[in-house]
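Data block below; observations after.
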Amino acid sequence: MPEGHTLFRLAADFQRVFGERAVEASSPQGRFAESAASIDGRVVESAESAGKHLFVRFDDDQILHVHLGLIGAFAIGAGPPPAPVGAVRLRLVGPTSYADLRGAITCELISTDKLEQVLGGLGPDPLRSDADPDRAFARIRKSGKPIGALLLDQRVVAGVGNVFRAELLFRARLHPLTPGVRVSKRRWNGIWADLVDLMVRGVETGRIDTVRPEHVDHGGEVYVYRRQGRPCHVCSSMVRTQVLQGRNLFWCPTCQRRR
DNA sequence: TCAAGATGATCAG
DNA sequence: TGATCCTCTTGAT
């Protein structure tokens, strides 16, 4: 479930479990064997996330860069690790816990220069206190692309995925195909504040929970994401879907009218 | 039991 | 735009 809040939690978990500790590294699947050997026995100095990227810094300045992609997962477990199940690309084992990486699209060792390069390509991350929403708006206001496409562009905002996109636009009552150039500064400021709020809550709970209490009487709900053909929680219109740039878009045709 | 689709991003054409 | 990476869940058979 890798959107920005997932990576933020993962980095915090890494810091708590492996921080300041030496780890054994291996690649049961074999595809990362050489790099695993290179960090085997090193001490983890720090772990942090930026958007959907995870960076783990070791005491010899090597940096592990992981991007989970659509299907990847970095599972942390307590105690001694069991025999690897499935294609475990990287396994880290510390004194009290272990972590298994599967299915990631990126798993590599990088230098500080490359780290700067990756960070430089990302828009502001709502979970970082130094994030500047105006930097994102500067791109949005001069683009004719739909706001729904711009929100998924990691150069615009780092960490937003398909769930946050769908829910943010619903909560803002904004149609996903509205061109960026038509989104006002005031509107964007509201969306950004809502995004920060939702992602911070996502970090706390580990879930994406977006429905306001007055609209549903239990938790674990979303307004439109993957609810196509089902009634909107607010107005009972049927939620719609459409593929935009290869990704599924969801919206309520009544609450999010095209202007 | 098996196929399809999914919260992502890159690359070829 | 479609194929690809590669894993897991869901729903159809």
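Below, each value reflects all heavy atoms present in this structure, side chains not excepted, and no hydrogens, waters or symmetry copies. A, B, ... follow the sequence lines: proteins, then strands. Residue 1 opens every chain.
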Query raised in the report: Which nucleotide in the set C:dC8, B:dA6, B:dT7 lies at the smallest distance from any side-chain heavy atom of A:N248?
Result: B:dA6
Requested in this report: Find out whether A:E108 and A:K114 are in side-chain contact, i.e. whether some heavy atom of one side chain is under 4.5 Å from a heavy atom of the other.
Outcome: yes
Query - A:H53 vs A:L7 side-chain heavy atoms within contact, under 4.5 Å - result: no
Query raised in the report: Between A:N162 and B:dA6, does any side-chain N or O lie under 4.0 Å from OP1 or OP2?
Result: no
Query raised in the report: Nearest to the side chain of A:I105 - B:dT7, C:dC8, B:dA9?
Result: B:dA9
Query raised in the report: Under 4.0 Å: is that the gap between some side-chain N or O of A:K52 and OP1 or OP2 of B:dA9?
Result: yes
Query - 4.5 Å side-chain heavy-atom contact, A:F32 and A:Q29 - result: no
**Report entry** Between B:dT10 and C:dC8 - P atom distance, rounded Å
**Finding:** 23 Å
**Report entry** P spacing across the pair B:dG5 / C:dT13, given as an integer number of angstrom
**Finding:** 13 Å
Query raised in the report: What is the nucleic acid contact for A:R89, judged by heavy atoms within less than 4.0 Å: base, sugar-phosphate only, or nothing?
Result: sugar-phosphate
Report task. With sequence neighbours excluded, tell me which residues meet side chain to side chain contact (heavy atoms under 4.5 Å, CB included) with A:L115. Result -> A:F55, A:R57, A:I63, A:I110, A:L119
Query raised in the report: For C:dT13, what is the paired nucleotide under Watson-Crick or G-U wobble rules, both distances under 3.5 Å?
Result: none
